[in-house]
Amino acid sequence: MTVSVRLPDGKQLSVGDADTALDVARGISEGLMRAVAVAEVNGKLVDATLPLASFAQGDEPVDLRLVTDRDPEGLAVLRHSAAHIMAQAVMRLHEGVGLAFGPTTATGFYYDFDLKEPISESDFPAIEAEMKKIAGEKLTFERFDLPRDEAVELVGGMNQELKVEHIQTGLAEHPTLGFYRQGEFVDLCRGPHIPTTGKLKAFKLMSVAGAHWKGDQSGRPLQRLYGTAFFDKKALKAYLSQVEEAKKRDHRRIGQKMDLFTINPEVGQGLVMWLPKGATLRYTLEAFLRDELIRRGYEPVYSPHIGSVKLYETSGHFPFYRDSQFPPLYEHLAGPIIDKMVEQLRAGVPADGPFMQEYELLNAAQKLGFDGDYEIGAGADDKRKMLEEWQAKTDRFLLKPMNCPHHAMMYKSRPRSYKQLPIRFAEFGTVYRHEQSGELNGLLRVRGLTQDDAHIFCTPEQVEHEFAETVELVKLVLEAVGLNDYRVELSLREPGSDKYIGSDEDWDAAEATLRSVLKKSGMEYVESPGEAAFYGPKLDFQVRDAIGREWQLGTVQLDYNLPKRFELEYIGSDNKPHRPVMIHRAPFGSMERFVGVLIEHFAGAFPLWLAPEQVRVLPLSEKSNKYAKDVLKALKEAGFRATFDEQDGKLQAKIREAQLDLIPYMFVVGPQEAEKGAVAVRDRIDGDLGAMPLDDAIAKLREENDARTIRQIAEKTDFEGFEAASDVGGEY
RNA sequence: GCCGUCGUAGCUCAGUGGUAGAGCGACGCUCUCGUAAAGCGUAGGUCGUGGGUUCAAAUCCCACCGACGGCUCCA
């Protein structure tokens, strides 16, 4: 018997029953065979070691593509196999290792372990050495399939409880399950894998981290070992040096070096203090956007930093986002105690009768002047109601978690006519969120942030146009600062979830509008179910940071719900009240995150229009100080952010310092320049441009500044060449 | 919040139980300089905080605080 095989170039050949993809490769060349990582048969990735005959369907030829070490899918398969090898090594070195999952990631792989004694980075050399040994053993990855009951028996016999649980719950619909064996190591796995462990030549363990079984925080804590692998050592080395390079762009590092901002635990975690240079950068961005907004018919508003809890109960924020808000501020000292009591009563501890610390809490509350009706003998529900009544008549405030309720109230401050719409309220509004401490990250995730927020109130007919305009604005803003590498995500609700407010009809309408705008604009985007805001779907602009993590910057959100909750109205041409639609939008997202991403994007080397210090005047020696001061004055009068380097020292030293400070332009002045009213211009990028009249130099800079020219950005680390295909996972 | 790692001068880091160090920066003096580092000198640290072990702790142990990498979350 023979099987007919068709290669991607259309060539057909016939192979024996037992022949595998590797055999086909060997038939073409030995080199090709050595390069084969995996096979793509009839469009599916499978082990190159399986007989091709097993994939034949009738007389149709089997489509075969040999996936080699040059293909991204090959890299992903290698990395997944590396995860198995790492697991094998860990099991050889430790007793009673429980295996969880070991998938590939964009830049490597990990495996989650349930370990008796924790592993730390100091264990890496031993694990790596064992992996090397396993690679040297050139063990074959051997696949076998078992029916469910035998599969459970097998993993149960190996004391792999997590795998047993996974087969019984996560994989309940699979009639048979795939396994891979390499040497003494057997793991439940969908595959495919590389032919033998010998293909693993270049790898490195990267880090160890905590994780939870199936991502459930209450689940069993696991240890996750991250690693990466490549087909050759050169690629691994290149990747590692790029990781190092990327770390140098970290905004936290640059922010400190350049005196842009500071975060100090004595002030508070996640609370950013903008130093003069960072503040100047932010101010410049804000001024740019503010001008753009006024031109587009936005009107400035200001709202206070705290708001009544009632306001957020109306908007729906208070119950929905309780956990990520700072606790309420009370006008009454007993407030927090009453809150605590209500919380316990709501949690039902116990349902009736006295609850934990009730007497102590009540006592304390009364000492602080609590005067509500409260009977210890009452039922839990009655007690809760009594306390809630007290809460309702006592003023409570939240640190503003969002600006929209305030803007909605501003809209409501007078009757509105359809002739006034759309109304666009804009504000750089500072909001506060109690992010979990482990989430905080420099400027990218903070507890106090300023949104470049605005809310557009419009008629349903105007929605599509307004939304499109807003999307265009976000694009314009991102492109003005040279952030062209972003991803657009359409965040939709998760079907069947109770995380959202509002009717299905409104959600359907909102989601349909967003899709329609996107289609008309021709923008590329991906849909993400479950990522919507609780009040409506949104369009998010995702940008990557220096080390490849994605962050959401700009966002445009469509909202039919808050207008309802706030009973917003306008009088239509029919002289009847109608409900407006709200569009929430923030092109930068937050000033903190935006500036953080911008710092990494430019590696601190901002274009002229954004640079906190645009020009530095360098006198040749103290003798030229007087003229240097004249030049400085002229620059300042021309509107430039300029300084004057007064320190002693050689010109070379001053230039070096200015270069390292990433100042776009240096004006060198000595006796020759002073005599002619000139300056010797030095460009940060192109170096010495020679002497020119001061007026000409200023005109040149003004042109570059006003055009917001971006002449060069530092080479950004591009991990793409190192990324494996992400949809090639070996895990079930 | 959870898991792990880490915390020494303004910054980068060395110092593994026995008198706290280097480079850069800062400050002072000399030099008055032509496109990426002039020379000399001085100051600066209760080694994150608190407790414990020890004759003796930056070093070993415990707790707390904070940072970092993940997880979970993210209006």
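Naming convention: chains lettered A, B, ... in sequence-line order (proteins, then strands); numbering from 1 in each chain.
- Straight-line distance between the P atoms of B/G66 and B/C27: roughly 34 Å, to the nearest whole Å.
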Pairing pattern in dot-bracket form [Watson-Crick, G-U; both distances under 3.5 Å; | = partner strand] for RNA chain B: (((((((..((((....[..)))).(((((.......))))).....(((((..]....))))))))))))....

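- Remark: the A/R445 side chain and the B/C74 base include a donor-acceptor N/O pair separated by less than 3.5 Å.
- The shortest side-chain heavy-atom distance between A/Y226 and A/L205 does not fall under the 4.5 Å cut-off.
- Side-chain proximity of A/Y226 to the nucleotides B/A36, B/G4, B/C71 is greatest for B/C71.
- Taking only side-chain nitrogens and oxygens, A/Q436 never comes nearer than 4.0 Å to OP1 or OP2 of B/C2.
- Of the possible donor and acceptor atoms, none in the side chain of A/H584 sits under 3.5 Å from a partner among the backbone N and O of A/A454.
- For the pair A/R224 and A/Y110, the cation-pi test (distance below 6.0 Å, angle within 45°) is passed.
- Using a 4.0 Å cut-off between a side-chain N of Lys or Arg and a carboxylate O of Asp or Glu, A/D686 and A/R711 qualify as a salt bridge.
- An OP1 or OP2 oxygen of B/G70 is reached within less than 4.0 angstrom by no side-chain nitrogen or oxygen of A/N441.
- No N or O donor and acceptor, one from the side chain of A/R253 and one from the base of B/C68, sit under 3.5 Å apart.
- A/R593 and A/Q552 share no side-chain donor-acceptor pair at under 3.5 Å.
- One P atom belongs to B/U8, the other to B/C71, and the distance between them is 27 Å to the nearest Å.
- A donor-acceptor contact under 3.5 angstrom links the side-chain atoms of A/D648 to the base of B/C31.
- For RNA chain B, the neighbouring residues in residues 256-263 of chain A, judged by any heavy atom under 4.0 Å, are A/Q256.
- The side chain of A/K623 places an N or O atom within less than 4.0 Å of a non-bridging phosphate oxygen (OP1 or OP2) of B/C33.
- The base of B/G70 has none of its N or O atoms less than 3.5 Å from a complementary donor or acceptor on the side chain of A/E439.
- Within the structure, a side-chain polar atom (N or O) of A/R252 is placed less than 4.0 Å from OP1 or OP2 of B/C68.
- Close to B/U35, at under 4.0 Å from its OP1 or OP2, lies no side-chain N or O of A/R616.
- A heavy-atom distance below 4.0 Å to RNA chain B is reached by none of the residues of residues 486-494 of chain A.
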